[in-house]
2 protein chains.
Amino acid sequence: MSDVARLAGVSIKTVSRVVNDEPGVHTDTAERVLAAIERLGFRRNIGALNLRRGSSTGTIGLVLEDVANPFYSGLTRAAEEVARRHGRQVLTGSSDEDAGRERELSLEFCARRVDGLVVVPAGRRHGYLAPEIASGTPVVFVDRPPGEVEADTVLVDNVAGAAEAVEHLARHGHRRIAFLGDAPGIFTAAERLRGFREGCARAGVEFDERLVARGPEEEAAASLARVLAADPPATALVTGNNRITVRVLRALAGLPRRPALVGFDDFELADLLDPPVSVVALDPGELGRAAAELLFARLGGDSSPPRRIVLPVRLVPRGSGEVGP
Amino acid sequence: MSDVARLAGVSIKTVSRVVNDEPGVHTDTAERVLAAIERLGFRRNIGALNLRRGSSTGTIGLVLEDVANPFYSGLTRAAEEVARRHGRQVLTGSSDEDAGRERELSLEFCARRVDGLVVVPAGRRHGYLAPEIASGTPVVFVDRPPGEVEADTVLVDNVAGAAEAVEHLARHGHRRIAFLGDAPGIFTAAERLRGFREGCARAGVEFDERLVARGPEEEAAASLARVLAADPPATALVTGNNRITVRVLRALAGLPRRPALVGFDDFELADLLDPPVSVVALDPGELGRAAAELLFARLGGDSSPPRRIVLPVRLVPRGSGEVGP
DNA sequence: GATGACGATGACAACGTTGTCCAGTGATCG
DNA sequence: CGATCACTGGACAACGTTGTCATCGTCATC
């Protein structure tokens with residue numbers, strides 16, 4: 001900036017005025033300054049600006065599990081869109097379901113003085129964010145609730161969704177329904193299993209522990225084999241998330257007779273498979289949007305008590321859940 | 001920081017020393033300072049740090065077309081991973097194939113003094129980045145080459161891929177092969193069409209302009225109808241990218257007799273469709289990794305002339321391209 | 001001709017940090 | 001006992017901006 005000032009033969013402050021479109025600069029002077037800016041390729045240092053102004057850095061942080069997962073990339077895109085409407089940039093990071101990494105990313109973003117933080121929790125302890133929240137940085141948790149702190153949270157109705165999946169299968173005559181879910185430490189996995197149980201109870205289907213698998217997606221194929229070999233075997237499946245659904249579909253591809261299936265999370269091409277895969281659909285974009293909107297409402301001054309938004313899910317019957325036992 | 005100093009009863013500089021693990025602070029003093037930091041929830045302002053140190057902001061910018069597209073989210077993840085290894089955070093933004101937005105994002109990131117920029121070009125003119133490049137900010141273009149500036153570029157072998165797709169279809173007896181591609185202004189679309197032509201020539205298949213569609217993905221279904229209604233009709237298709245492939249698959253789902261198909265870009269579940277979809281596969285992660293590695297090589301001091309890396313593509317025959325006319 | 005109003009410009013401090021340099025305080029040594 | 005030294009701590013400037021206030025012409029007015 002001082003280079004520009006020197007080249008234009010004015011003071012540094014006048015350059016600042018031109019850059020900020022402030023009034024009170026003679027047209028000729030402004031012209032000279034603009035020419036100098038152009039010639040030197042000057043770009044105002046936003047970091048310094050933020051330091052000086054002290055208010056907003058114009059960024060928000062987004063910590064999720066894995067951007068490459070279409071669920072989270074949809075969420076990311078929606079959040080990005082909202083941020084754009086509010087003139088903010090987005091810092092993203094993937095935690096890979098690692099609590100330490102989640103913490104590291106979140107604190108790093110805070111040290112960069114993001115205006116707010118959207119977090120898909122990997123861990124269950126978020127006390128480390130308490131100082132940030134106390135000092136006024138809004139934090140919104142998505143998809144899973146935080147532990148140790150009270151904060152805005154956007155969830156989906158996992159219980160209702162899983163229950164509905166069971167009831168749907170039961171309506172088509174299934175009595176041996178298996179649940180292939182994620183590791184039990186993950187909130188959504190636990191909730192969906194709870195919903196599965198509830199659905200069994202409501203549909204009058206026996207809940208058989210031998211037909212339940214709780215483990216990382218890598219074990220999905222093995223778990224599938226197990227529940228299909230149970231006695232009596234499972235005739236229908238509820239899969240706990242999009243990754244597991246895909247694994248199961250791949251494992252099922254070779255089998256002559258396939259169990260009925262309802263997957264949690266919708267995914268592209270589900271409707272084009274044979275048979276088309278019925279799912280409990282939830283819109284990742286809706287989650288991202290809701291979380292970001294909530295964040296910006298806080299940034300806009302909303303200081304009501306922390307809210308918990310639970311978005312509905314929707315059973316999309318496509319065929320795979322409609323086959324009888 | 002001054003609050004911490006006051007609470008600990010030391011000077012602000014001593015706090016700085018503690019924060020930076022500098023030697024020359026008495027253990028008791030350090031302890032007091034750490035306690036104060038803990039109590040106040042102090043977090044060092046990285047913005048101010050960057051300003052002071054003047055060197056690196058520890059961030060890189062990533063401008064792409066749409067994070068929600070699995071191709072780009074895979075690319076993003078890989079770039080993020082490389083950035084992480086180099087201790088950098090990532091600012092992302094989606095341009096939506098809009099040159100103005102691409103420019104806006106890139107310049108915004110530069111104003112934030114990112115250490116480097118990875119850009120998937122939406123437009124064809126990148127002169128606006130010349131000052132940044134000249135002033136030492138490395139920029140790497142991915143998937144499409146830049147216009148107006150010389151810079152590192154990572155591409156895939158679009159021509160070879162499309163040509164191979166044609167030859168594959170020709171080997172299975174097809175003589176009426178259609179190309180459903182993206183808008184001709186997009187580099188990859190143009191290149192793939194060029195490859196398609198070359199493939200036709202090499203395979204001795206007549207290149208028929210009536211079997212070529214160049215348009216946004218929204219027109220894919222209409223274009224498909226057109227080439228299937230041509231006289232004589234297309235018996236095989238090459239689709240220009242993953243979005244178009246999906247649209248075409250959906251449009252084909254209703255039809256009794258399907259043309260053979262080879263899609264550009266691999267996509268999840270392609271192998272589980274009926275018939276499994278043959279594709280020209282390219283690894284988006286590989287693109288992102290290569291681009292990021294190149295960027296960090298530049299940041300590491302590599303000042304050789306701009307490089308152009310062309311990653312190979314791989315035909316993955318799965319069935320949809322092997323059916324005869 | 002003095003006064004005031006106004007438009008254009010600049011000097012200076014401050015944002016939160018850290019690098020540089022200097023000052024005190026004991027301890028050690030000759 | 002004085003000089004030196006190691007160690008600890010602080011004052012100050014600077015990074016690139018902008019907000020505040022002061023300065024300096026110029027011109028119209030009385």
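By convention in this document, chain letters (A, B, ...) are assigned in the order of the sequence lines, proteins followed by strands, and residues within each chain are numbered from 1.
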Notebook entry, point to check: Looking across every strand, which nucleic acid part, if any, lies under 4.0 Å from B:Thr29 by heavy atom: base, sugar-phosphate, or nothing?
Noted result: sugar-phosphate
note: B:Asp3, atom CG; C:dT17, atom C1'; distance rounded to Å ~ 14 Å
Rounded to whole Å, the CD-C1' distance (A:Glu31 to C:dA8) equals 16 Å
On DNA chain D, more 5' by nearest nucleotide between B:Gly54 and B:Val25 is B:Val25
Nearest heavy-atom approach of A:Val149 to A:His126 is CG1-O, 3.3 Å
Separation between CD1 (B:Ile186) and CD (B:Glu191), nearest 0.5 Å, reads 13.0 Å
Here the distance between atom P of D:dA14 and atom CG of A:Leu51, to the nearest Å, is 17 Å
Contact check, residues 42-49 of chain A vs DNA chain D, heavy-atom distance under 4.0 Å, returns A:Phe42, A:Arg43, A:Arg44, A:Asn45, A:Ala48, A:Leu49
B:Ser56 and B:Asn50 have their tightest heavy-atom pair at O-OD1, 3.0 Å
>> Which label fits A:Phe296 and A:His86: parallel for a plane angle under 30°, tilted from 30 to 60°, or perpendicular past 60°?
In response: parallel
Here the gap from A:Ile12 atom CD1 to A:Met1 atom CE, rounded to the nearest 0.5 Å, amounts to 5.5 Å
To the nearest angstrom, the CD-P distance between A:Glu22 and C:dG7 comes to 15 Å
Hits for side chain to side chain donor-acceptor pair (under 3.5 Å) against A:Arg125, two or more places apart or cross-chain, chain-then-number order -> A:Glu148
Any B:Arg53 side-chain nitrogen or oxygen under 4.0 Å from OP1 or OP2 of D:dC15: no
B:Arg6 CZ to C:dG16 C1', in whole Å, measures 14 Å
Side-chain atoms of A:Met1 come closest, of D:dT17, D:dC15, D:dG9, to D:dT17
Atom CG of B:Asn20 and atom P of C:dG19 are separated, to the nearest Å, by 7 Å
Note: B:Ser94 and B:Arg101 closest approach over all heavy atoms is O-NE, 3.5 Å
Value for CD1 (A:Ile309) from CD (A:Glu286), rounded to nearest 0.5 Å, stands at 10.0 Å
note: A:Ile37, atom CD1; D:dT17, atom P; distance rounded to Å ~ 10 Å
Within residues 10-19 of chain A, those residues having any heavy atom closer than 4.0 Å to DNA chain D are A:Ile12, A:Lys13, A:Ser16
Only residue of A:Val10, A:Val18, A:Leu40 satisfying side-chain contact (heavy atoms from CB on, under 4.5 Å) with A:Val4 is A:Leu40
